[in-house]
Q: 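Have a look at the structure that comes next, please.
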Amino acid sequence: MAARPDTILADAISDLKGGRFGEAERGFKTLLRRQPRNVAALNLLGILCTQQRRFAEAAGYMKKSIDAGSTSDATFYNYGIVLKALNRPAEAIEQFDRSLSINPAIAETWNNRGTAFNDVLRFEDALASFDRAIALKPGYADALSNKGNSLTALRRFDEAKDCFDRALAINPHSAEAWTGRGNLLLDLHDYGGAGSAFDRALAINPKLALAWLGRGHLLSSHNRRDEALQCFGIAEETEPDLAEAHFAEACCRLLFGDTRQGWEKYEWRWKTRAVRPHNRSFQKPLWLGERAIANKTILLHAEQGFGDTIQFCRFVKNVADLGAHVVLEVQEPLKSLLAPLEGVARIIGRGEPVPAYDFHCPLGSLPLALQISVEQLRPEAYLSVPSDSAAPWHERLRTTRAPRIGLAWAGNPKFRGDHNRSIGLERLLPIVKEIDAQFVSLQKELGPGEEAVLSEREIMNCGPSLDSFRDTAALMTCLDLIISSDTSIVHLAGALGRKVWILLQHAADWRWLTDRSDSPWYASAKLFRQPSPGDWNSVVAHVIGELQSS
């Protein structure tokens with residue numbers, strides 16, 4: 001006689017608790033053949049798959065459980081955990097919210113909701129969730145550690161340190177908390193402290209991929225390429241889907257000129273937390289150089305910041321030279337500037353209707369598609385503006401003394417590392433004091449009090465007149481030199497062939513390579529690097545010395 005359904009379920013649950021996963025799975029599936037909508041069996045089979053890291057299967061069973069009528073807060077919670085593991089954090093948040101609408105008193109649900117908000121870069125919302133978790137469960141070390149991660153991302157470093165200290169006081173064996181503390185100290189340039197924190201994390205859990213990733217970043221910032229790549233590789237082996245580790249490897253390889261593997265790994269950017277929100281769905285195939293595109297229409301589209309678009313649009317001509325009809329989609333403020341770019345058949349602003357096309361390719365993927373190496377880069381100018389567009393600026397600058405020097409000091413404040421790469425206006429003022437020149441501000445957005453400083457130091461504030469990058473480009477043609485930290489301004493100046501001095505943080509972005517003062521991307525660029533982390537004074541002194549001797 002066949003066993004009763006409740007007996008099958010009880011036996012399967014017993015097997016699951018006893019770690020006999022094969023027997024448990026057979027039991028649940030036997031029951032589901034009889035009762036396909038058995039809520040308990042579906043949910044428990046999902047939990048079993050989760051424990052075996054079979055997340056896609058787990059998600060399927062849990063969704064079926066919910067569709068079959070499950071109203072348990074635990075089911076929604078478990079489904080949220082699985083969706084997070086599948087890198088679907090926005091959907092995970094929805095499930096945590098459903099769970100909390102039934103039972104808002106579970107600290108673990110609030111904590112995991114917070115980590116999902118961290119994954120979608122909504123750090124303020126994450127803080128609110130962690131605070132609820134800690135209020136429900138004082139001394140909740142995991143929530144304190146996760147809150148520290150959010151505060152680090154928001155650059156509220158003192159508060160973040162306090163959270164990690166509290167978490168580690170409660171649980172000094174939390175590898176995750178030591179890793180978070182290491183990342184915080186890395187941001188603060190406390191490299192010794194960061195290294196010790198990552199070492200502590202890995203001593204506790206040698207298989208914690210995020211700790212290997214942090215250690216790799218630390219080593220890369222010291223130009224210890226091989227050791228950094230080894231760390232990134234261990235992170236990838238430990239957690240193969242950790243996109244940040246693959247992307248970190250890409251940046252490390254590109255930093256040292258290894259474009260062959262670097263550009264391949266650079267495609268992982270689409271799965272990272274920072275870039276994933278910019279990923280779009282396209283109706284036509286992605287082109288990465290594997291197909292002939294002669295007489296085909298290809299949509300080349302901007303993907304990240306203005307600087308990236310300016311840097312990579314140089315490759316449009318290469319694509320057109322393959323016989324393709326190029327439609328270029330860019331951010332609206334760049335449209336008028338890039339419209340005359342050689343190789344562009346049609347240009348559209350982001351958000352405008354897209355014409356028919358056969359293939360698409362993000363601009364940042366063109367070096368991979370075209371198999372571009374550092375040695376193949378052509379650093380000469382590839383952008384220009386009509387001479388008459390500069391006439392108003394010539395008139396405005398007509399009575400000023402030469403040389404005319406443009407200044408920019410801050411990039412996009414939403415960029416996580418902007419506090420390290422942007423030098424700030426105050427640090428540039430010694431140049432203004434020591435050098436006899438007409439200084440012109442190219443900064444579109446000013447920080448608090450900066451307008452008054454510009455007026456006091458007689459620096460011409462041109463920001464309000466710069467409605468587009470074409471306006472900025474026209475102004476640049478009237479200047480003798482542009483001095484800027486690593487922002488879109490330097491890419492624009494380089495693309496125009498204007499003399500530009502680029503002020504770089506110690507651990508500079510991959511595109512500036514290492515140990516060189518020139519750039520293979522822009523012939524007109526000169527690089528001024530921090531000799532040690534945070535040392536802008538030496539950079540400014542170097543600039544002043546160069547100006548005085550020229």
Side-chain angles (χ1 to χ4, degrees), residues 107-108 110-205 208-222 231 235 244 248 273-274 413-424 505-507 530 532-536:
E108 287 74 13
W110 286 106
N111 179 51
N112 280 286
R113 181 178 186 261
T115 61
F117 274 123
N118 271 350
D119 286 342
V120 295
L121 312 183
R122 292 171 56 181
F123 301 114
E124 295 287 358
D125 291 321
L127 290 179
S129 286
F130 296 136
D131 285 340
R132 290 291 296 271
I134 295 164
L136 287 165
K137 188 177 176 180
Y140 191 177
D142 287 349
L144 283 165
S145 176
N146 290 327
K147 181 180 178 181
N149 293 332
S150 300
L151 290 165
T152 300
L154 291 168
R155 305 176 203 165
R156 292 161 58 178
F157 297 130
D158 290 342
E159 296 171 79
K161 185 177 183 300
D162 178 65
C163 281
F164 291 126
D165 287 347
R166 290 167 61 194
L168 289 166
I170 297 165
N171 180 12
H173 300 293
S174 171
E176 290 78 11
W178 282 112
T179 299
R181 182 181 173 85
N183 289 324
L184 164 66
L185 296 175
L186 190 56
D187 266 351
L188 292 173
H189 304 146
D190 181 355
Y191 293 139
S196 296
F198 293 134
D199 287 345
R200 289 287 297 269
L202 291 168
I204 296 166
N205 182 2
L208 184 59
L210 289 176
W212 285 110
L213 174 61
R215 195 167 186 270
H217 282 307
L218 172 62
L219 291 165
S220 181
S221 70
H222 285 72
C231 288
E244 279 72 15
R273 293 195 311 174
K414 293 181 180 179
F415 175 67
R416 168 104 187 242
D418 187 63
H419 64 291
N420 286 324
R421 70 172 183 178
S422 291
I423 186 171
Q505 67 187 79
H506 180 67
Q530 287 182 346
S532 60
D535 184 5
W536 286 118

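Computed from a predicted structure; not experimentally measured.
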Q: Quick check against the 3.5 Å criterion: does Glu176 have a side-chain atom that pairs as donor or acceptor with the backbone of Asp142?
A: no
Q: Between Trp536 (side chain only) and Gln505 (backbone N and O only), is there a donor and an acceptor less than 3.5 Å apart?
A: no
Q: Quick one, Lys161 and Phe164 - any side-chain contact, counting heavy atoms below 4.5 Å?
A: no
Q: Rounded to the nearest 0.5 Å, how far apart are CG of Asn118 and CZ of Phe123?
A: 5.5 Å
Q: When rounded to the nearest 0.5 angstrom, what is the spacing between CG in Asn183 and CG in Leu213?
A: 7.5 Å
Q: At their closest point, which heavy atom of His506 faces which heavy atom of Gln530, and how far apart are they?
A: N-OE1, 2.9 Å
Q: Between Leu127 and Leu154, does a side-chain contact (heavy atoms from CB on, under 4.5 Å) hold up when you go through it step by step?
A: CA-CA 10 Å; Leu127 290 179; Leu154 291 168; 3.7 Å; yes
Q: Does NE2 in His222 sit with more than 12 non-hydrogen atoms of other residues, nucleotides or ligands closer than 6.0 Å?
A: yes
Q: At what distance, to the nearest 0.5 angstrom, does OG1 of Thr152 lie from CD of Glu159?
A: 10.5 Å
Q: For Ser129 versus Trp110, what's the shortest heavy-atom pair and its separation?
A: CB-O, 3.4 Å
Q: Nearest 0.5 Å, please: how far is CG in Asp158 from SG in Cys163?
A: 11.5 Å
Q: Check this for me, if you would: do Asp125 and Arg113 make a salt bridge, where the nitrogen-to-carboxylate-oxygen distance has to be below 4.0 angstrom?
A: no
Q: Tell me the closest heavy-atom pair linking Asn205 and Ala175, and the distance in Å.
A: CB-CB, 3.8 Å
Q: Which value, rounded to the nearest 0.5 Å, describes the distance between Arg156 atom CZ and Lys147 atom NZ?
A: 7.5 Å
Q: Please find the pair of heavy atoms, one from Ala126 and one from Gly114, that lie closest to each other, and give the distance.
A: CB-O, 3.3 Å
Q: Side chains of Glu108 and Tyr140: closer than 4.5 Å at any heavy-atom pair?
A: yes
Q: Is a donor on one side and an acceptor on the other found under 3.5 Å between the side chain of Ser532 and the backbone of Asp535?
A: no
Q: Which atoms form the tightest heavy-atom contact between Cys231 and Leu219, and what is the distance?
A: SG-CD1, 3.7 Å
Q: Using a 3.5 Å distance criterion without hydrogens, assess whether the side chain of Arg273 forms a donor-acceptor pair with backbone atoms of Glu244.
A: no
Q: How many angstroms lie between atom CG of Leu202 and atom OG1 of Thr179, to the nearest 0.5 angstrom?
A: 6.5 Å
Q: Return the minimal non-hydrogen interatomic distance between His217 and Ala248, and the atom names on each side.
A: CE1-CB, 3.6 Å
